[in-house]
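Per chain, numbering begins at 1; letters A, B, ... match sequence-line order. The analysis underlying the following values was restricted to heavy atoms, covering all of them including side chains, and did not include hydrogens, waters or symmetry mates. Just so we're clear, the structure is a prediction, and the values are computed from it rather than from any experiment.
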Amino acid sequence: MPELPEVETMKRDLSSMMVGRCFTGVTLHWPRAVQTPSPEEFCNRLQGLCIKEIDRRGKYLIFRLANGEALVLHFRMSGSLLLDSRNASDPYTRNTFHVDNGAGLYFRDPRKLGLIWLVPDENTVVGKLGPEPLDPAFTAADLGEWSKRYSAPIKAVLCDQRFLAGIGNMYADEALFAASLHPLRATNSLSADEVDRLYRAIRRVLEEAIGNYGASINDYSRPNGEPGTAQSMFKAAHRVGKPCPVCGTIIERIPIRQRGAYFCPNCQRNS
DNA sequence: CCCGGAACCTGAAGGC
DNA sequence: TGCCTTCAGGTTCCGG
């Protein structure tokens, strides 16, 4: 499930090979992924456009094009963007972007939940996202200010893209474990010390995961097909029934807002 | 504003 | 073995 570290890895891996290249066409096997414009217009307009730079905002991957427009992708649950031409015949390759060096960018997405936009202004897609957690301008004081506004469980708030951009289920669990905070803690009940712990935990967890090229939990892999290794560092996420690496207590999983929250009931007390 | 639930998807996993 | 149900989860939308 591509979250911030996985999309950041895609951005870095793809930038060296794709910046300066131009799209020669698109094959849409799953046109419903295209949000705007219409699939026909999407294919016509993208053809001939060249990539000026590749960026990331939250969990969105942004191709900034030389004509000022932006091709924006969101991978949701199962999407990935692959370079190897062998993916042309993969039944889960939903859409293919053909590039002027003869190569292709293969949008592989078994669950068909990923989304694609071609827009004159990328902010129509990503404009409502909260701050980037790794932006130097985002401080612990900012996190404290934001947190006062929410009474919902901290786990749910961390996953809310209007609060912070790019954190999903896995990294919210990891950050809360690293900060020794129970996922059900009311967000506005955090002390200044707890906010500071959480702030440092978020940044440490995300930076470490980027250093490990993201987590290959389900269908994600790097553009070259190699898996990321960040999942091997997980202490709580997706580890239900396994021992906490700190204290040995069995990791539990509870539903919060229809999603699984993994945590150590000993290290992350709800009080 | 807040919250819960459904919808979108399909492979995996569990029950009987 | 096999059919059927449920679950996973990011985002948006809808209703209370």
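Put simply, the side chain of A/Arg111 and the base of C/dA8 share a donor and an acceptor less than 3.5 Å apart.
When the C1' atom of B/dT10 is taken as reference, atom CZ of A/Phe75 falls 19 Å away, rounded to whole Å. At whole-Å resolution of the value, CZ in A/Phe163 and C1' in B/dC2 are 16 Å apart. Per the geometry, CD1 belonging to A/Ile256 stands 17 Å off C1' belonging to B/dC2, to the nearest Å. Distance, A/Asp219 CG to B/dT10 C1': 10 Å, rounded to whole Å. Taking atom NE2 of residue A/His74 and atom C1' of nucleotide C/dT11, one finds them 7 Å apart after rounding to whole Å. In this structure, A/Met1 atom CE and B/dC9 atom C1' are separated by 14 Å, rounded to whole Å. Regarding A/Leu73, its CG atom lies at a distance of 14 Å from the P atom of C/dT11, rounded to whole Å. When the P atom of C/dT11 is taken as reference, atom CD1 of A/Ile167 falls 12 Å away, rounded to whole Å.
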Close N or O pairs between protein and nucleotides 12-16 of chain C (under 3.5 Å):
none

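No donor-acceptor distance shorter than 3.5 angstrom exists from the side chain of A/Asp135 to the backbone of A/Pro131, with no hydrogens or angles considered.
An OP1 or OP2 oxygen of C/dT11 is reached within less than 4.0 angstrom by no side-chain nitrogen or oxygen of A/Lys128. Distances shown here put every side-chain N or O of A/Arg257 at or beyond 4.0 Å from the OP1 or OP2 atom of C/dA8.
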message = Between A/Tyr220 and A/Glu3, is the side-chain hydrogen bond (donor to acceptor under 3.5 Å, both in side chains) condition met? List the steps.
response = CA-CA 10 Å; A/Tyr220 168 78; A/Glu3 302 181 21; over 6 Å; no

inquiry  = side-chain hydrogen bond (donor to acceptor under 3.5 Å, both in side chains), that's the test. Do A/Tyr60 and A/Arg56 meet it? Break it down for me.
reply    = CA-CA 6 Å; A/Tyr60 294 79; A/Arg56 177 195 59 75; over 6 Å; no

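Listed nucleotides C/dG9, B/dG11, C/dT11 differ in distance to A/Tyr92; the shortest reach to its side chain belongs to B/dG11. The side chain of A/Arg253 has C/dA8 as its nearest neighbour among C/dA8, B/dC9, C/dG10. Nearest to the side-chain atoms of A/Leu113 among the listed nucleotides B/dC8, C/dA8, B/dG4 stands B/dC8. Closest contact between the side chain of A/Ala152 and the listed nucleotides C/dG9, C/dG10, B/dC3 involves B/dC3. Relative to the side chain of A/Met77, the nucleotides C/dT11, C/dG9, B/dC9 differ in distance, and C/dG9 lies closest. Listed candidates were C/dG9, B/dC8, C/dT11. Nearest to the side chain of A/Gln161 is C/dT11.
Between A/Phe97 and A/Phe42, the angle of the ring planes goes over 60°, which puts this pair in the perpendicular group of the 30/60° scheme.
A cation-pi contact, defined as under 6.0 Å to the ring centre and within 45° of the axis, is absent between A/Arg108 and A/Tyr92.
Between the side chains of A/Asp121 and A/Thr124, no donor N or O sits under 3.5 Å from an acceptor N or O.
Disulfide criterion (SG-SG under 2.5 Å) for A/Cys244 and A/Cys264: not met.
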